[in-house]
Amino acid sequence: MSKVIGTPVLVIAKPIKKNQWVDQLVNEVREKAGLEVISTEKASRKVIQALSQNRIVGILIDQRAKRSEGCGQISLGKRLPPPQL
């Protein structure tokens, strides 16, 4: 995706803990697409830094952020919690 739009895209992805080989394979595919993958563990700082640099940040659709660890957003004047997918 990042190669298509010409700007770096940071994505948050939960590691596949049960199978490290599959985790590595999936992340290689994501990186070949031009995505910079970061783990959900302690991702808040990296997300805030990326947003302060006007970078695009995405949460992959199969991810679920814990309310206590995620960072919410403001949309239409209302504070929203992290997505619960």
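What you see is a predicted model, and the numbers here were worked out from it, not measured in a lab.
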**Asked** Does V26 reach the side chain of I16, with side-chain heavy atoms less than 4.5 Å apart?
**Response** yes
**Asked** Just checking, any donor-acceptor pair under 3.5 angstrom between side chains of Q24 and E28?
**Response** yes
**Asked** Which heavy atom in V57 sits nearest to a heavy atom in A50, and how many Å separate them?
**Response** CG2-CB, 3.9 Å
**Item:** Minimum heavy-atom distance K46-L10, with the two atoms named
**Value:** O-CD2, 4.0 Å
**Request:** Would you give the length of the straight line joining atom CD1 of I38 to atom CG of N27, rounded to the nearest 0.5 angstrom?
**Result:** 11.5 Å
**Prompt:** Can you find a pair of side-chain heavy atoms, one from S39 and one from I12, that are under 4.5 Å apart?
**Reply:** no
**Request:** For the pair R30 and E36, find out whether any cationic side-chain nitrogen is under 4.0 Å from an anionic carboxylate oxygen.
**Result:** no
**Asked** How many angstroms lie between CD in Q20 and CG in D23, if you round to the nearest 0.5 Å?
**Response** 7.5 Å
